[in-house]
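When a ligand or atom number is given, it counts from 1 through the structure's own listing order.
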Amino acid sequence: MRILVIEDETQLAGHITRALVRRGHTATAQHDGALGLRAIVDESPDLVVLDLGLPTLDGLSVLARLRQAASPTRVLILTARGEVEHRIKGLQAGADDYLAKPFSMDELVARVEALGRRSASAPSGDLLKVADLSLDIRHRRVARAGKTIALSPREFDVLQVLMQEPGRAFSRTELCERVWQRDHEYDTRTVEIFITRLRKKIDTGFGVPLIHTLRAVGYTIRAPE
Ligand code: CA
């Protein structure tokens, strides 16, 4: 993968890029937000490791501009230890995953590579359909009522898991495990944020909602009866 690291602590940025290069990736670093954003536009990396506290343009602003431009680049945000609010804001702004500082390089590499995999689960077919919503696994395209919908990579993965088994209830924990492959940390708030993001994109403005919350159980997607 081609990875861009945007981190103002130059020593940490160096450690991260070297760890990624050792794994066979191409990795470069930028040390402030404005230059980082320009590098994203110029180089269109596959994945961005984005620190939130940055000079010139903070990480949340970089993320917001990226998602406004409907960029499909995967984004892993780095947040300061204990700053839950920042993590939640980052996920709401369009990040695909997060890592809290301090972290081990092994953990970072594992997160980056999990995010780099094309899909959270083995495709069972190329095209999934629920009512007028379609998801093309191979081309990673989603459309509802003939209108193309731009999803971030992890939004796509959550939707794919739901659409592979329409009508089946998925608990937040199961969605978290299937999509983020976090085995020890059942981060249900992250799942809720992604469901909210998905609803805004695939249900709002289309009349009949397809994603349903099942009280005390989780979520399901199904066609209206
Ligand atoms: Ca920083």
Side-chain angles (χ1 to χ4, degrees), residues 1-117 152-155 157 176 179-182 184-194 196-197:
M1 270 190 290
R2 290 178 307 115
I3 301 159
L4 175 66
V5 178
I6 309 177
E7 164 61 74
D8 59 322
E9 294 167 51
T10 52
Q11 219 176 5
L12 177 59
H15 284 317
I16 295 172
T17 52
R18 280 192 297 277
L20 293 169
V21 167
R22 272 198 298 275
R23 294 281 302 178
H25 303 290
T26 303
T28 54
Q30 290 291 344
H31 307 300
D32 81 68
L35 289 175
L37 185 61
R38 184 181 303 171
I40 294 172
V41 173
D42 290 347
E43 298 162 22
S44 48
D46 301 310
L47 189 145
V48 176
V49 176
L50 177 66
D51 184 34
L52 289 188
L54 289 171
T56 71
L57 190 65
D58 68 43
L60 282 178
S61 305
V62 172
L63 191 53
R65 296 204 193 170
L66 199 63
R67 291 308 183 220
Q68 269 161 22
S71 164
T73 302
R74 295 159 168 74
V75 179
L76 173 72
I77 52 171
L78 303 179
T79 61
R81 186 188 184 84
E83 297 197 13
V84 177
E85 269 311 304
H86 285 182
R87 161 171 63 88
I88 289 171
K89 279 194 181 132
L91 292 170
Q92 285 169 336
D96 294 294
D97 201 356
Y98 70 92
L99 198 56
K101 291 179 182 178
F103 49 82
S104 74
M105 282 302 146
D106 287 347
E107 174 75 13
L108 178 116
V109 167
R111 289 274 128 229
V112 163
E113 293 184 345
L115 197 48
R117 277 176 217 123
S152 85
R154 280 296 186 246
E155 289 166 3
D157 293 337
C176 198
V179 174
W180 284 270
Q181 294 154 22
R182 287 186 186 268
H184 306 295
E185 185 183 353
Y186 295 148
D187 191 344
T188 54
R189 186 70 210 273
T190 298
V191 173
E192 286 167 15
I193 291 168
F194 272 78
T196 302
R197 280 166 52 175

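A donor-acceptor contact shorter than 3.5 Å is absent between the side chain of D58 and the backbone of L52. With hydrogens and angles disregarded, no donor-acceptor distance shorter than 3.5 Å links the side chain of W180 to the backbone of R111.
Among the atoms of G53, an N, O or S atom falls under 3.0 Å of the Ca ion (ligand 1).
Of the residues R197, R74, R67, the one that meets the salt bridge (charged side-chain N to carboxylate O under 4.0 Å, His left out) test with E155 is R197.
At a threshold of 4.0 Å, the pair R23-E113 counts as salt-bridged, since one of the basic side-chain nitrogens sits closer than that to a carboxylate oxygen.
The atom of D51 nearest to the Ca ion (ligand 1) is OD2, with the search restricted to N, O or S atoms. Residue-level check: among N/O/S atoms of D8, OD1 sits closest to the Ca ion (ligand 1).
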